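All chains are named by letter (A, B, ...) in the order of the sequence lines, taking the proteins before the strands, and each is independently numbered beginning at 1. Everything quoted here is computed from the prediction, not taken from an experiment.
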Amino acid sequence: MEKNLVIVESPAKAKTIEGFLGEGYVVKSSFGHVRDLLTKELSVDTENNFDPKYEIPADKKKVIDELKKYADNAETVWLATDEDREGEAISWHLKEALKLDESKVKRIVFHEITKTAILKAIENPRGIDKNLVDAQQARRVLDRLVGYELSPILWKKVKPSLSAGRVQSVAVRLIVEREREINAFQNESFYKVVAEFAVPEGDKITHLQANLSERFKLESEAHEFLTKCQGATFSIKNLEVKPSKKSPSAPFTTSTLQQEASRKLGYSVAQTMVVAQKLYEAGKITYMRTDSVNLSDSASEAARKEIETSYGDQYVNIQKYQTKSKGAQEAHEAIRPTYLDQHTAGGDNSEQRLYELIWKRTISSQMSDAQLEKTVVTIDVSAAEENFIANGEVVKFDGFLKVYLESTDESNTETIGNSAKAEKPLLPAVTLNQILNLNEITASERFTKHPPRFTEASLVRKLEELGIGRPSTFAPTISTIQKRLYVVKEDREGEERDYKLLHLRNGAIETAVKQEITGAERAKLFPSDIGMVVNDFLVEHFQNIMDYNFTANVELEFDAIAQGQKQWNKMIDEFYGPFHSSVKITEETSEKASGERMLGDDPETGKPVITRIGRYGPIIQIGDRDDEEKPRFASLRKNQSIESITFEEAMDLFKLPRTAGTYEDKEIIAAIGRFGPYVKHDDKFYSIKEDDPMEISEERSIEVIEAKRKADRERVVKTYEENKEVQVLKGRYGIYISIGKNNYKIPKDKEPRDLTLEECLEIAANAPAKKKGRFTKKKS
DNA sequence: CAGTGAGCGAGCTTCCGCTTGACTT
């Protein structure tokens with residue numbers, strides 16, 4: 001056994017560091033936190049100074065056992081967890097869980113995984129910072145109290161199994177409020193006027209495009225302007241040329257990597273993290289959960305060399321970036337390639353693409369600004385007050401643009417070519433007072449746009465901006481709010497809309513009406529009905545927690561604890577008093593929340609028509625629950641919401657089920673069920689995807705039925721005359737055995753096509769009982 | 001798999017942050 005045990009958080013890091021330290025040192029990993037509050041109970045003694053009850057979770061017992069063996073045999077245990085609040089707490093929990101003697105424990109920290117940094121750390125050990133640990137305990141206990149007191153209120157007042165928390169509930173709030181802004185948005189139309197002039201250049205003619213400085217509210221105004229332009233003279237009134245520059249973006253943090261991978265590569269935030277994890281484990285990149293934009297000196301030096309060799313001295317601009325995000329703890333470096341001289345990473349295609357992105361971002365961050373020349377040409381219209389303006393941009397020195405340009409949410413189509421060019425057009429050479437020949441002027445009707453819906457990545461950006469959540473939780477938080485069905489990530493088809501066009505061409509004005517698609521969305525986050533109801537409930541009763549500044553406010557208090565200026569349990573006490581009493585009051589006095597909304601009266605019976613969340617989702621209800629006659633119910637369709645459904649749309653839902661026709665002497669019924677629209681024939685169900693159950697014809701229904709019958713025949717690999725219940729079928733995950741309602745996996749050494757009935761039954765009999773794991777859904 | 005919308009009320013659900021495997025269909 002080695003004399004020195006070093007414990008870090010990540011096993012990949014342990015491996016690297018062991019290489020630096022050599023003989024006498026063994027480096028092991030804690031795999032993150034090693035103790036936590038019990039999951040089944042509050043585990044915080046609210047009567048007794050908020051004393052937390054910690055345990056070693058089942059999946060950490062092995063880790064602790066192994067660490068203990070090494071620790072007991074070591075002279076010194078070096079706790080080398082991350083230098084932030086959580087890392088300090090991990091060190092303290094390790095000391096407690098391993099029952100380490102104070103005298104043999106040394107706490108060390110480093111921000112970069114380089115030999116010099118590690119050796120320097122070893123020379124400068126310190127003790128565990130108990131104040132910082134206490135700040136973490138306050139964070140942990142606060143989150144537990146909020147999560148475990150709010151969630152049960154939701155079970156009681158809204159629906160079982162729901163959840164609420166400091167981070168997730170605010171994330172949902174952002175999406176709900178954005179959706180309402182969009183619903184309330186009234187677009188306004190205006191007329192944008194663009195002129196195209198012909199400019200002779202040598203013996204060629206080039207075009208100069210210019211926008212009118214004013215927009216017109218009304219078609220009549222646009223028309224009036226075009227009339228003035230008939231026979232007007234257009235001349236260059238002013239020419240302005242001014243230098244400008246563009247600067248590169250800072251190296252990647254978790255959040256900016258997620259945003260760029262989403263915009264440039266179309267990855268979800270979870271996907272980005274999975275791919276980055278693989279690159280990290282392969283030693284290709286530095287740690288991927290970080291809020292720091294800092295590069296180590298050796299990395300900057302490597303970047304300098306790389307830029308000098310590939311592009312030349314004038315492209316080098318080594319610089320340090322300052323983090324802008326609230327609450328950044330900077331325990332790691334920025335995300336960068338481990339070796340900048342490696343331009344590719346190997347691995348699969350998704351890893352290569354992400355690596356290339358990280359490489360370019362890192363290199364470009366150490367490159368010079370791009371020098372631009374902006375040109376503004378003002379064109380006078382003799383018969384009108386307004387001017388046309390043409391903008392041009394010329395890149396005088398490309399600098400970092402040679403490698404990489406950050407995308408914006410608006411232009412997510414940009415690709416990462418080798419040279420990311422600025423987009424503005426080049427202008428033809430013109431001189432002051434030059435008279436221009438008009439080709440045409442177009443006035444087109446445009447519309448103001450509602451604020452954009454969130455993507456996963458833009459939500460992460462917003463959360464980070466508010467200081468809510470940490471690099472390790474951005475992706476899981478986004479998954480949680482979708483798993484709870486508060487939010488859905490969806491595509492939406494756009495709608496066609498008309499817009500007007502006015503052309504001035506050859507001295508005549510023509511008008512036309514054209515069509516365009518508007519409102520199409522791809523992979524955007526939409527709040528569900530339950531998401532909105534839960535949000536409104538929480539906002540009404542727990543304003544403090546739902547405030548966008550709540551996290552930032554408590555962070556200030558955690559800082560005070562870390563500075564030793566405040567006791568952690570005192571801080572929690574001050575929070576818990578008012579919080580717990582609002583929990584109690586809400587529990588006792590608040591109504592059940594179902595988002596109920598009155599839509600009108602049923603014309604046939606005069607009974608009220610309401611919409612609300614029912615036991616199985618959003619519904620329309622005609623009639624009162626207390627009426628003698630039972631109310632009628634209908635489920636809302638996908639894309640309909642209790643918040644926006646109209647009376648007419650609601651009444652349409654009662655037109656189902658309907659008879660769509662007959663086939664083989666049996667009726668075809670079209671309806672919508674638990675799993676979406678279907679047609680039913682001879683007691684069998686056939687899902688319909690493209691067709692509308694309200695419209696589907698007899699002919700189309702028969703097509704659907706026949707298509708399903710054909711697919712079913714093709715699914716069957718083998719059947720047995722003696723026992724019709726047993727079948728060998730081909731499914732999504734390969735070939736399997738189906739007996740009644742149960743399915744069984746076929747062992748690898750058996751050829752599915754040769755299975756006998758006896759073998760099938762044997763496999764079924766020997767199949768392990770179904771495990772009730774985390775991933776299996778339990779029956780209700 | 002696809003009617004429902006509540007009725008006894010057992011026994012369950014839930015947080016955030018730090019880390020990776022070991023799982024399944």
Side-chain donor-acceptor pair present, [X], [Y], cut-off under 3.5 Å:
X	Y	result
Gln168(A)	Ser163(A)	yes
Glu464(A)	Ser255(A)	yes
Ser10(A)	Tyr280(A)	yes
Glu333(A)	His111(A)	no

Nearest of [options] to any side-chain atom of [X]?
X	options	result
Phe633(A)	dG5(B), dG17(B), dT20(B)	dG5(B)
Asp84(A)	dT13(B), dC18(B), dG17(B)	dC18(B)
Pro160(A)	dT13(B), dC16(B), dG5(B)	dT13(B)
Tyr616(A)	dC16(B), dT4(B), dC18(B)	dT4(B)
Tyr678(A)	dG17(B), dT19(B), dA2(B)	dA2(B)
Phe685(A)	dA2(B), dT19(B), dA6(B)	dA2(B)
Glu9(A)	dC18(B), dA6(B), dG17(B)	dC18(B)

Look at the side chain of [X] against the base of [N] and say whether a donor-acceptor pair falls under 3.5 Å; ignore hydrogens and angles.
X	N	value
Arg289(A)	dC18(B)	no
Arg140(A)	dC15(B)	yes
Arg615(A)	dA6(B)	yes

| query | Base, sugar-phosphate, or nothing for Ser687(A), non-hydrogen atoms under 4.0 angstrom? | reply | base

| For Lys40(A), which contact category applies under a 4.0 Å heavy-atom criterion: base, sugar-phosphate, or nothing? |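 Touches a base.
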
| Taking only N and O in the side chain of Thr39(A), is any of them less than 4.0 Å away from OP1 or OP2 of dT14(B)? | no

| query | Ion pair present between Glu55(A) and Arg35(A), side-chain N to carboxylate O less than 4.0 angstrom? | reply | no

| said: I'd like to check, for Trp155(A), whether its ring lies over the base of dT14(B) with centroids under 5.5 Å apart and a plane angle smaller than 30°. | reply: no

